[in-house]
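Take a look at the structure set out below.
Protein chains get the first letters and strands the later ones, always in sequence-line order, with residue 1 at the start of each.
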Amino acid sequence: MTNSNSESQAAAAPSNFLHDMIAEDVRTKKYGDAVIQTRFPPEPNGYLHIGHAKAICIDFGLADEFGGKTNLRFDDTNPEKEEQEYVDSIMNDVRWLGFDWERLCYASDYFDQLYEWALQLVKAGKAYVDDLTADEIRQHRGTLTEPGKDSPYRSRTIEENLDLFTRMKAGEFPDGTRVLRAKIDMASPNLNMRDPVMYRILHASHQRTGDKWCIYPMYDYAHGQSDSIERVTHSMCTLEFTDHQPIYRWYIEHLGIFPSNQTEFDRLNITYTMLSKRKLLQLVQENRVNGWDDPRMPTLCGLRRRGFTPEAIRAFVAASGVSRTNGSTDVEMLEHFQRDDLNRRANRAMAVLRPLKLVIDNYPADQVEFVEAANNPEDPSAGTRKVPFSGEIYIEQDDFRETPPPKYYRLSPGKEVRLRNAYFVTAQSVVKDAAGVIVEVHCTYDPASRGGNSPDGRKVKSTMHWVSAAHAISAEIRLYDKLFAKADPYDLEEGQDVLDNLNANSLEILTTAKLEPSLATAKLEDRFQFERVGYFCIDPDSVPGNLVFNRTLALKDSWAKIEKKSGA
RNA sequence: UGGGCGAUCGUCUAAUGGUAGGACAGUGCCCUUUGGAGGCACUUGUCCAGGUUCGAAUCCUGGUCGCCCAGCCA
């Protein structure tokens, strides 16, 4: 690798407080000679979204930077919400994003150990079985401003606690009748320390442990110890867990086990985007979208189907940074990194989304020529292709105006433009239907301008894409817009729900598009730039002969901007 | 209103007592066989008030504002 490359890479690895912290821990040998160990700990109760991508990049990326390891650990302590389908999708999405784990782990792998440790805490008088109902526990917990009250069962003897907890495990009691609690401090200003529940009774079958257990550990009782078992040195999580850090440490200290350390960072928020797993599930269940992988979804599978690339997502995450502030990154930044990536990699093609017939009156009848077109002007190694041209072609309806507005450089009566890679044409007349709608434009071409240049040096202001009518293929085109109508989806009126801010026009399906014939062989995962239009990919709904393209993103459109300004 | 966390261009983020910088967005110009891409330029910021210091975004004090916590969810 060249010097300048490594320099630019060092510059690209942004300094942030997590990086600095680990660098310091390495410098001071906080963990001796042990390697840096991190983990990505999703609960398999939904699909991963772009917010998780940030956590993944942090957990895996930081470990990588310091020569460490990262485990993928499923936080599967709640059998009522978790499913194998989610486990599978999560593994798939992590790999797709470009990461591979050192070990695949499950919190449920540690259920036996966790139970032994619970026994240990009971024997030490640091945990007790509580017979209070959920409601009574809540009442005893106190409020933000008032301390809680001890449960009447808090002072049970160790023997009684041991007996009861053993019988909880043995399945002697129905769901919800008893819990095991840590004996900490009911007056703590931190509500998480007011005797947190360690185990609840749940006669539910677990997707991995089956019916072995009818008591399941709570997150707080499982997470830190799972980290400890895996000898995780740096346990990164999002800010809302900051208040849990004391309980994370309490269990580790009182059990005397490997001291993993938790550090929190800010969640990723993006404008016009909602990243609540619960609400995303609701969108799916209520069919407000077409599944978890609907291309409008911020899920990784949705973004993938939409045509987003792991490279762009990683670049976006790196650029948006990590801190401890609550903010919301402009969705334009995500779009920028995706366009940037696709601009360099995507082959070009011509496709007319909303066709208007253009007839070249002086073009020899029945003549067909093949013009050469660059596959990617950004990358000469992508080569060229031949595109059929004839006297009847389709152009974009937007590219013709009978009475052009100011600064409109495209085709209008008497105006000469270039057809990309082909000829100069001059509009002569229009044909309208009974309703007065233009159905056909007639023009003449300059045979000397083949390839797109006139030998006399004549300039044109505009270059337009086109598709030969006789050679065009048809395809369904799906255009996507933002899923939410408001930059902040949670900007709600009284009584409104976040789903009331859904953008009613987030999907538009075009069925009359005309595409250049080379696109007939497009395959899943192929990505294209339809010149002057946007980036597109093949949707899995495609079948040979009946192609479906998804628009990943539109190209930036400075004409639309001009038009909007003059219209406003 | 108890506790915790935070506050730097419109947005995200650097600067770790010593020139407030980058990216996105925006604006203007140049260039262009994509009104794409690219190039150049410009604009805008340290929450407030005091203090320490030769010097403060950074340290101190006091405010203000925002986020999180009262699941047998994670």
Side-chain angles (χ1 to χ4, degrees), chain A residues 11 14-17 20 41-43 45 75 77-78 80-82 130 132-135 137-139 141-148 175-181 188-194 197-202 216 218-220 222-223 237-246 264 266 268-271 277-278 316 319-337 339-340 343-344 348 350 373-374 377-378 407-410 418-422 451-453 460-465 487 529-534 554-562:
Chain A
S15 160
N16 63 58
F17 75 101
D20 296 347
E43 183 189 12
N45 67 341
D75 234 329
T77 56
N78 185 357
E80 292 184 323
K81 290 186 179 172
E82 298 151 6
D130 196 344
L132 254 27
T133 64
D135 225 43
I137 286 182
R138 189 179 333 115
Q139 283 158 16
R141 187 152 32 226
T143 68
L144 294 178
T145 52
E146 301 156 19
D175 287 4
T177 51
R178 278 173 237 263
V179 291
L180 184 72
R181 293 230 253 170
S188 172
N190 181 344
L191 268 40
N192 295 119
M193 297 297 270
R194 319 243 262 226
V197 171
M198 294 164 61
Y199 276 92
R200 72 281 213 189
I201 301 172
L202 234 44
Y216 290 94
M218 299 287 291
Y219 165 85
D220 281 319
H223 198 88
C237 62
T238 44
L239 249 21
E240 68 271 24
F241 291 99
T242 306
D243 289 342
H244 294 245
Q245 204 175 133
E264 312 83 17
D266 61 335
L268 176 65
N269 292 303
I270 303 175
T271 56
K277 259 192 189 178
R278 208 184 102 251
F316 162 71
S320 58
V322 49
S323 69
R324 291 177 67 90
T325 62
N326 305 106
S328 192
T329 301
D330 284 338
V331 72
E332 287 79 11
M333 198 185 290
L334 206 212
E335 295 176 348
H336 163 80
F337 283 98
R339 287 195 185 96
D340 186 53
N343 177 52
R344 280 181 274 114
R348 316 287 127 128
M350 289 196 287
E378 302 287 323
K407 291 187 181 164
Y408 184 87
Y409 301 147
R410 282 112 94 149
R418 172 167 41 232
L419 295 175
R420 177 82 159 146
N421 298 124
N453 276 310
V460 291
K461 286 282 262 183
S462 184
T463 299
M464 297 173 10
H465 62 102
Q529 185 200 97
F530 291 173
E531 288 198 83
R532 301 208 309 135
V533 178
L555 245 29
K556 289 215 279 185
D557 186 349
S558 52
W559 164 244
K561 213 176 269 184
I562 293 168

### B:rG36 phosphate, OP1 or OP2, under 4.0 Å from A:Ser558 side-chain N/O
yes
### Message
Using a 4.0 Å heavy-atom cut-off, does A:Val179 contact any base of the nucleic acid, only the sugar-phosphate backbone, or nothing at all?
### Response
base
### Query
Is the closest basic N to carboxylate O distance between A:Lys81 and A:Glu43 below 4.0 Å?
no
### Query
How would you label the contact of A:Asp20 with the nucleic acid (heavy atoms, under 4.0 Å): base, sugar-phosphate, or nothing?
base
### Query
Quantified in whole Å, what is the C1' atom distance between nucleotide B:rC42 and nucleotide B:rC47?
27 Å
### Message
Walk me through whether A:Gln245 and A:Asn190 qualify under side-chain contact (heavy atoms from CB on, under 4.5 Å).
### Response
CA-CA 10 Å; A:Gln245 204 175 133; A:Asn190 181 344; over 6 Å; no
### Message
Distance criterion of 3.5 Å, no angle test: do you see the side chain of A:Glu332 paired donor-to-acceptor with the base of B:rU11?
### Response
no
### Message
When the P atoms of B:rA57 and B:rG21 are compared, how many Å lie between them, rounded to an integer?
### Response
13 Å
### Query
More 5' along RNA chain B: A:Ile562 or A:Leu144, using each one's nearest nucleotide?
A:Leu144
### Task
Determine the contact category for A:Leu202: base if any of its heavy atoms lies under 4.0 Å from a base atom, sugar-phosphate if only primed atoms, P, OP1 or OP2 are that close, otherwise nothing.
nothing
### Task
May I ask you to say whether A:Asp340 pairs ionically with A:Arg344, meaning some side-chain N is under 4.0 Å from a carboxylate O?
yes
#### Entry: Donor-acceptor pair (no angle test) under 3.5 Å: A:Asp557 side chain, B:rG36 base
no
### Task
Using a heavy-atom cut-off of under 4.0 Å over every strand shown, decide if A:Gly327 touches base, sugar-phosphate, or nothing.
sugar-phosphate
### Query
Do the ring planes of A:Phe241 and A:Tyr219 sit parallel (below 30°), tilted (30 to 60°) or perpendicular (above 60°)?
tilted
### Message
Judged by each residue's nearest nucleotide on RNA chain B, which is more toward the 5′ side, A:Glu378 or A:Phe337?
### Response
A:Phe337
### Task
For nucleotides B:rA23 and B:rU58, find the distance between their C1' atoms and express it as a whole number of Å.
23 Å
### Query
OP1 or OP2 of B:rU34 sitting under 4.0 Å from any side-chain N/O of A:Lys556?
no
### Query
So does A:Asp330 reach the base of B:rG10 with its side chain, donor to acceptor, closer than 3.5 Å?
yes
#### Entry: Span that lies between the C1' atom of B:rG26 and that of B:rA74, in whole angstrom
40 Å
### Task
Describe the nucleic acid contact of A:Pro42 in one word from base, sugar-phosphate, nothing, applying a heavy-atom distance below 4.0 Å.
nothing
### Atom P, compared across B:rU11 and B:rG45: separation rounded to whole Å
12 Å
### Query
With sugar-phosphate meaning primed atoms plus P, OP1 and OP2, does A:Lys407 contact a base, only sugar-phosphate, or nothing at under 4.0 Å between heavy atoms?
base
### Message
Quick check: any donor-acceptor pair below 3.5 Å linking the side-chain of A:Arg410 to the base of B:rG35?
### Response
yes
### Query
Are A:Thr325 and B:rU13 close enough that a side-chain N or O sits under 4.0 Å from OP1 or OP2?
yes
### Query
So what does A:Met218 touch, heavy atoms closer than 4.0 Å: a base, only the sugar-phosphate, or nothing?
sugar-phosphate
### Query
What nucleic acid atoms does A:Val322 come within less than 4.0 Å of, heavy atoms only: base, sugar-phosphate, or nothing?
sugar-phosphate
### Query
Touch check for A:Glu80, heavy atoms < 4.0 angstrom, all strands: base, sugar-phosphate only, or nothing?
nothing
### Query
Just checking A:Ile137: base, sugar-phosphate only, or nothing, at a heavy-atom cut-off of under 4.0 Å?
base
### Query
Mind checking the C1' distance from B:rG55 to B:rG18? Whole angstroms is fine.
7 Å
### Message
In whole Å, measure the gap between the C1' atoms of B:rU34 and B:rA14 for me.
### Response
36 Å
### Message
Does B:rG3 have OP1 or OP2 under 4.0 Å away from a side-chain N or O of A:Thr145?
### Response
no
### Message
Measuring to OP1 and OP2 of B:rU13, would you say a side-chain N or O of A:Ser323 lies under 4.0 angstrom away?
### Response
yes
### Message
Distance check, C1' atoms only: B:rA70 and B:rC12, in whole angstrom units.
### Response
33 Å
### Message
For a quick test of reading the model: is some side-chain N or O of A:Arg278 closer than 4.0 Å to OP1 or OP2 of B:rA74?
### Response
no
### Message
Does a side-chain N or O of A:Arg339 approach OP1 or OP2 of B:rG36 to a distance below 4.0 Å, or not?
### Response
no
### Query
For B:rC67, does either OP1 or OP2 sit under 4.0 Å from a side-chain N or O belonging to A:Arg324?
no
### Query
When all nucleic acid strands are considered with a 4.0 Å heavy-atom cut-off, which category describes A:Thr242: base, sugar-phosphate, or nothing?
sugar-phosphate
#### Entry: Watson-Crick or G-U stems involving RNA chain B, each at least 3 pairs long, distances under 3.5 Å, ordered by first number
B:2-7 with B:64-69, B:10-13 with B:21-24, B:26-30 with B:38-42, B:47-51 with B:59-63
### Query
Hey, does A:Asn343 reach any base, or is it just sugar-phosphate, or nothing, if we go heavy atoms under 4.0 Å?
base
